[in-house]
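Every heavy atom of this structure was used, including side-chain atoms; hydrogens, water molecules and symmetry mates were not. In the text below, chain A, chain B and the rest are named by the order of the sequence lines, each starting its count at 1.
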There are 2 protein chains.
Amino acid sequence: MPRAIFPAPDHDHERCTSDAIAYAEAQCAARAKRLTPMRRQVLEALLASHNPLGAYEIIERLADKNGRPAPITVYRALDFLRDNGLVHRIESRNAFVACGHNHGGDDLVVFLICERCGAVGEATDGAVAQALKASARAAGFSPKSPIIEIAGVCAHCGGR
Amino acid sequence: MPRAIFPAPDHDHERCTSDAIAYAEAQCAARAKRLTPMRRQVLEALLASHNPLGAYEIIERLADKNGRPAPITVYRALDFLRDNGLVHRIESRNAFVACGHNHGGDDLVVFLICERCGAVGEATDGAVAQALKASARAAGFSPKSPIIEIAGVCAHCGGR
DNA sequence: CGATTTTTGCTGCAGCGCAACATGAAAATC
DNA sequence: GATTTTCATGTTGCGCTGCAGCAAAAATCG
């Protein structure tokens with residue numbers, strides 16, 4: 001049974017953001033990890049945009065009177081957030097998105113990337129996962145972590 | 001019905017290479033495109049290794065007494081080869097592989113990337129394609145070009 | 001042969017990503 | 001409370017990725 005989430009352009013973003021932060025805090029607490037200011041800021045920057053951001057875009061958005069964080073700083077925060085399932089990397093874009101956390105840690109996630117608005121939706125689908133596993137096994141291959149990214153046009157941009 | 005190709009470590013590489021070159025020549029002839037020396041060299045470099053190569057690795061391998069090609073030169077050759085279905089880009093590696101040409105132009109291809117030996121196999125599977133399409137549609141998404149890359153361990157490296 | 005298209009070479013540049021080391025802050029142990 | 005250990009951040013530096021823009025050379029066409 002497919003389950004998909006694509007951010008509607010008119011969704012309650014305030015709410016969606018605070019929910020995600022609350023989830024991140026809970027997740028970190030549960031794992032005895034620390035959601036430090038730096039990490040929180042990076043996550044917030046990603047949440048503020050439902051589009052994937054490149055590392056240097058994040059740096060740009062975190063820049064203020066106190067200067068801007070060094071690339072490595074942002075990358076480390078991103079590593080942490082990814083390790084804890086709060087952020088995904090979009091390989092085909094060299095960019096990152098906050099996770100919609102509509103899926104369990106090891107679920108196969110399908111990223112739907114809109115070519116018009118750039119928004120990224122996440123879908124989880126057991127059927128796809130099964131078919132993929134079967135396909136890999138048939139080649140004598142033991143799959144670890146599948147990456148699935150689909151470019152296309154989302155419903156809000158008139159794709160039909 | 002899944003169809004998969006994973007290069008066996010003891011396969012006839014001589015043959016496999018010359019076949020691929022012949023295919024490339026045929027493909028280019030059919031499309032009235034030119035398989036120039038540069039393009040051929042890049043393709044040969046990729047064929048000589050069943051592992052994906054980064055652009056600068058290709059440059060390295062093409063370097064000789066006459067100097068080395070500039071990055072842009074290799075990228076242009078790669079663009080050409082990709083446009084004509086002779087080379088794939090492995091997004092998760094920022095690298096390129098020669099196409100096993102075991103699939104039609106628009107088929108969905110699943111890349112199986114061995115974490116041990118680095119070899120890349122290609123699988124084509126209608127079931128996966130169907131499931132993916134269904135999943136995307138359910139989210140109101142019109143898919144264009146899916147990218148599927150699976151890291152894991154291949155049969156020859158003891159994956160089971 | 002001359003004109004057009006295609007391909008290659010050259011310069012330069014911006015983003016990506018991390019290694020190695022130093023510093024500072026927090027948590028655990030005594 | 002002081003010390004040790006652990007973790008997080010800052011600093012410097014560098015190599016890879018990828019392409020724009022322009023000029024020169026080669027192939028194709030009329």
S.K.: Between D:dG18 and B:Y75, is there an OP1 or OP2 to side-chain N/O distance shorter than 4.0 Å?
M.R.: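 Checking D:dG18 against B:Y75, a side-chain N or O does come within under 4.0 Å of OP1 or OP2.
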S.K.: Measure CE/A:M38 against P/D:dT11 and give the value in whole Å, please.
M.R.: 12 Å
S.K.: In whole angstrom, give the distance that lies between atom CZ of B:F80 and atom P of C:dT8.
M.R.: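 Atom CZ in B:F80 sits about 9 Å away from atom P in C:dT8.
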S.K.: More 5' along DNA chain C: B:A70 or B:N94, using each one's nearest nucleotide?
M.R.: B:A70
S.K.: Does OP1 or OP2 of D:dT9 have a side-chain N or O of A:T36 closer than 4.0 Å?
M.R.: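 Looking at the OP1 and OP2 atoms of D:dT9, one of them is under 4.0 Å from a side-chain N or O of A:T36.
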S.K.: Take the protein atom CZ of A:R93 and the nucleotide atom P of C:dG17, then report the distance between them rounded to whole Å.
M.R.: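 It is 14 Å, rounded to the nearest whole Å.
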S.K.: Please find the pair of heavy atoms, one from A:G121 and one from A:P7, that lie closest to each other, and give the distance.
M.R.: CA-CD, 4.5 Å
S.K.: Given that A:K33 and A:P71 both sit by DNA chain D, which one's nearest nucleotide is further toward the 5' end?
M.R.: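 It is A:K33, whose closest nucleotide lies nearer the 5' terminus.
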S.K.: Mind checking A:R76 for me? I need base, sugar-phosphate or nothing, with any heavy atom below 4.0 Å counting as a touch.
M.R.: base
S.K.: Between A:H88 and A:F111, does the ring centroid distance fall short of 6.0 Å?
M.R.: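 Yes: the rings meet the under 6.0 Å criterion.
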S.K.: Pick from A:V97, A:L43, A:D79: which one makes a side chain to side chain contact (heavy atoms under 4.5 Å, CB included) with A:V87?
M.R.: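 One option only clears the test, and that one is A:L43.
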S.K.: Nearest whole angstrom, please: distance from the P of D:dA27 to the CZ of B:R39.
M.R.: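 My rounded result for the distance is 13 Å.
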S.K.: Using side-chain hydrogen bond (donor to acceptor under 3.5 Å, both in side chains), reason through A:E149 and A:S92 one step at a time and then give a plain yes or no.
M.R.: CA-CA 7 Å; A:E149 299 173 8; A:S92 57; 2.5 Å; yes
S.K.: Less than 4.0 angstrom between a side-chain N/O of B:T73 and OP1 or OP2 of C:dT7, yes or no?
M.R.: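 For C:dT7, neither OP1 nor OP2 has a side-chain N or O of B:T73 closer than 4.0 Å.
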S.K.: Using atom CG of B:L81 as one end and atom C1' of C:dT8 as the other, report the distance to the nearest whole Å.
M.R.: 15 Å
S.K.: Within this structure, what is the CD-to-C1' distance between B:E57 and D:dT17, rounded to whole angstrom?
M.R.: 12 Å
S.K.: Does a side-chain N or O of A:R34 approach OP1 or OP2 of C:dA25 to a distance below 4.0 Å, or not?
M.R.: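 Looking at the OP1 and OP2 atoms of C:dA25, neither is under 4.0 Å from any side-chain N or O of A:R34.
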S.K.: Reckon B:R89 touches a base, only the sugar-phosphate, or nothing at all at heavy-atom distances under 4.0 Å?
M.R.: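 Result for B:R89 = sugar-phosphate.
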S.K.: May I have the distance from A:D79 (atom CG) to D:dT9 (atom P), rounded to whole angstrom?
M.R.: 12 Å
S.K.: Is it true that B:R93 and A:E91 make a salt bridge, defined as a side-chain N closer than 4.0 Å to a carboxylate O?
M.R.: no
S.K.: Roughly how many Å is it from CD1 in A:I72 to C1' in D:dT9, rounded to a whole number?
M.R.: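 So the CD1-C1' distance, A:I72 to D:dT9, works out to 10 Å.
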